[in-house]
Amino acid sequence: MAVIGEYDVIVVGAGHAGCEAAWASSRMGYETLLVTIHLETIAQMSCNPAVGGLAKGHLVREIDALGGLMGRITDETGIQFRLLNSTRGAAVQAPRAQCDKAKYRLMMKHWLENTPHLTIFQAIVTEIMVRDGKVKGIRTLDGSEFIGRAVILTPGTFLNGLIHIGLQSYPAGRANEPPSLELSQCLRRLGLKIIRLKTGTPMRLDRHTIDWSYFTPQPGDEEPVPFSFWTKKKLENKIVCYLGYTNEKTHEIIRRNLDKSPLYSGKIKGIGPRYCPSIEDKVVKFPHHNRHQFFLEPEGIDTAEIYVNGLSSSLPLEVQMEILKSIPGLDQAKILRPAYGIEYDAVLPTQLKPNLEVLEIENLFLAGQINGTSGYEEAAAQGLMAGINACLKLRGEPPFILRRDQAYIGVLIDDLISRGVEEPYRLFTSRAEYRLNLRIDNADQRLTPYGYKLGLISEDDYRLFLEKKERLQRAMVFLESQKISIPESGILTLKNYLKMPKVFFNDVIKYAAQLKELSPEERRFLEAEIKYEGYLKKQQREIEELSKVDEVRIPPNFNFQEVPGLTREAIEKLAKFNPSTLGEAKRIPGITPAAIINLLVYFKKKKPESNKKDHLDVSRET
């Protein structure tokens, strides 16, 4: 076998996880190799060319605040921008953008090709080389070997991928692209527990064959909200999306053809996403609904392809055509690409450490759909964290682990490694216990200092961040000190005036013209901080109390059999991982809250000397 090259970090797969991982490791100064099956499909938006949405938009903001690429590329290639839940509270507002599919891919490729320390290579990886429990590199289909001190595996849906259209199926990682069969077998040989999952995509239609008069326009926002904190140009909406509905005739066609669905004939064994079901799933599971909505979304400026968001399916092509004929406005529509379902292998994520490193294989990191997630945003967030942590591991430094109260990224990873998955995981705002703290408007305040310390944020961008922080501090001091007279309320500070119901920041500006210099983003931040001040203080007290529990020290080589009430399973897991704090114990897969309470009660009674706080982990610095 020929050794072709040696690298610090090797990233396998150039989807959204792989791109962020390779970007992070190369930005941190490590020689990085990014291996992909096709150079032309780097950052391919396999499903809807859209970024963001509820919770997902929060993730992209956090990726951007840490120095990742997704937010910047979205702003550069977005063709429609909307702020979801704009009339609701700040905690659940989130940006969403429809992107130009081709331009997004080309823009990401351009960024990566011009990144120092990063080499991109086209090949099919068949083996992760491991020796004595430590990763050594990769082997490709032609027998070439690449030596790597760390490997980050981000294969998306390519592991043993199988596409279904009706009762016909064929091996593929994506339509007309080969699957990765040998790599899946390799992971099994390495002892990893593999699960089978399923996802799907809807048909794409020719825009010239749609009668648009039957559908309701869904325009973008008049004042688009950027994804990236570093975007200064005014964003522009270039397309309009449209809303439509299925009908009883549609549903009757689907029910009549369920025997041809691989999902209901038993041919598909993998578990599909609960929160993004196929149209046949919707019809079967919600029979009381006489219609289901879908959206017609352009895939780009220079293409006729229309994505039918909401009609994901694995029914035969002839049934898909019949479905279209039942919907006024689509009855003459031509299908350019049929809908299909895809099954693929994933690794049970409870086999990972909090830094996304495989428990039993040193320096092997996993990110993206291989960990059981769905969505570009969840994948990109994991990729960024895997890239960061691979470099920190090579430096011999502590891992970068975000807590649940610090970021949605922390919620995502903690959910995966502590609870595992039974179906493709999707992040929601409801999964975050402290979502008032985790808003889109404060992601940079929470995370940019970490990104700068890690080397992902440039000096120029960090200077802009510090200037913004100082501007916000000045504005807050002004709001707290400036007083006005309000009929029926008397003398109030502007801050207390803003706390009043139905008073918003634009009302405050009427009394303080100098606040007009603040950007819409800065105004949203100040308004949220002031209106939710009481709740935020309460949450902060709760976080501090939990933090004290997390920092309770466990003596080295402690015998967990001494603790009353622990199950045999808990004792075995604790002994295996040998955590040094209760915080580390909480993150061990399978350790229940009851076990943590037993440990806390025991150590509070013992009050060991080792519980004195003697260090800070990296996630609490700065």
Side-chain angles (χ1 to χ4, degrees), residues 133 190-195 347-362 364-366 371-372 385 389 393 398-406 410-423 425 431-434 539 541-620:
L190 291 173
L192 290 171
K193 186 175 181 181
I194 304 297
I195 56 176
V347 171
L348 191 65
T350 52
Q351 300 168 95
L352 304 177
K353 298 177 184 178
N355 65 348
L356 298 180
E357 183 182 19
V358 175
L359 284 166
E360 303 295 341
I361 304 173
E362 189 176 357
L364 176 60
F365 296 78
L366 308 184
N371 291 339
M385 295 299 284
N389 279 308
K393 182 71 184 292
F400 179 57
I401 299 168
L402 291 166
R403 302 188 307 269
R404 297 181 71 93
D405 62 274
Q406 287 182 304
V411 174
L412 164 68
I413 294 176
D414 186 60
D415 278 354
L416 292 175
I417 66 167
S418 62
R419 302 175 188 177
V421 298
E422 295 180 349
E423 61 193 32
Y425 174 98
R431 295 190 191 272
E433 300 90 336
Y434 302 107
Q539 281 195 358
R541 287 193 296 269
E542 292 176 4
I543 291 167
E544 288 170 0
E545 287 300 314
L546 284 174
S547 177
K548 291 175 185 175
V549 171
D550 284 356
E551 291 167 2
V552 171
R553 306 287 291 170
I554 300 174
N557 302 313
F558 176 74
N559 181 7
F560 290 98
Q561 291 181 337
E562 295 180 13
V563 182
L566 287 181
T567 64
R568 180 181 297 178
E569 181 186 9
I571 291 170
E572 289 175 355
K573 287 181 178 292
L574 290 163
K576 178 181 178 181
F577 291 96
N578 194 25
S580 61
T581 65
L582 283 190
E584 290 180 15
K586 281 168 59 177
R587 291 191 287 268
I588 295 173
I591 293 298
T592 64
I596 297 300
I597 290 171
N598 285 334
L599 289 168
L600 178 62
V601 170
Y602 178 85
F603 287 119
K604 274 190 173 181
K605 287 180 179 177
K606 292 289 183 179
K607 294 183 180 177
E609 188 66 21
S610 60
N611 276 343
K612 290 182 179 178
K613 186 176 174 181
D614 56 8
H615 75 285
L616 290 172
D617 66 40
V618 68
S619 68
R620 294 190 180 93

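Keep in mind that what you see is a predicted model, and the values were worked out from it rather than measured.
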Report yes or no: is the cationic atom of R419 (NZ for Lys, CZ for Arg) under 6.0 Å from the centre of the six-membered ring of Y425, at an angle within 45° of the ring normal?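 Geometry flag: not set, cation outside 6.0 Å or 45°.
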Check whether any side-chain heavy atom of [X] sits under 4.5 Å from a side-chain heavy atom of [Y], and report yes or no.
X	Y	result
L416	L352	no
Y434	V411	no
F558	P579	no
E357	N389	no
R553	S580	yes
V563	I571	no
L600	V549	yes

Note: R403-D414 ion pair, threshold 4.0 Å (strictly below):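 D414 and R403: not salt-bridged.
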[atom1] of [X] to [atom2] of [Y]: how many Å apart, nearest 0.5 Å?
X	Y	atom1	atom2	result
T350	L359	OG1	CG	8.0 Å
R404	I543	CZ	CD1	12.0 Å
L566	L599	CG	CG	5.0 Å
Q351	I194	CD	CD1	7.0 Å

If we check side chain to side chain contact (heavy atoms under 4.5 Å, CB included) with I554, which of these qualifies: T581, L582, L574?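 Among T581, L582, L574, the one meeting side chain to side chain contact (heavy atoms under 4.5 Å, CB included) with I554 is L582.
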Which atom pair, heavy atoms only, marks the closest approach of P354 to I401?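 That closest heavy-atom pairing would be CB-CD1, 3.7 Å.
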Might you point out which heavy atoms bring K353 and I417 nearest each other, and give the distance in Å?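 Minimum heavy-atom contact is O-CG2, 3.9 Å.
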Which residue pairs satisfy the salt bridge (Lys or Arg N to Asp or Glu O under 4.0 Å) criterion with at least one member in residues 573-582, sequence neighbours excluded?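 Residue pairs passing salt bridge (Lys or Arg N to Asp or Glu O under 4.0 Å), neighbours aside: E360-K576.
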Do any pairs count as a ring pair (Phe, Tyr, Trp, His ring centres under 6.0 Å) and have a residue in residues 570-600, sequence neighbours left out, and if so which ones?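 Qualifying pairs: none.
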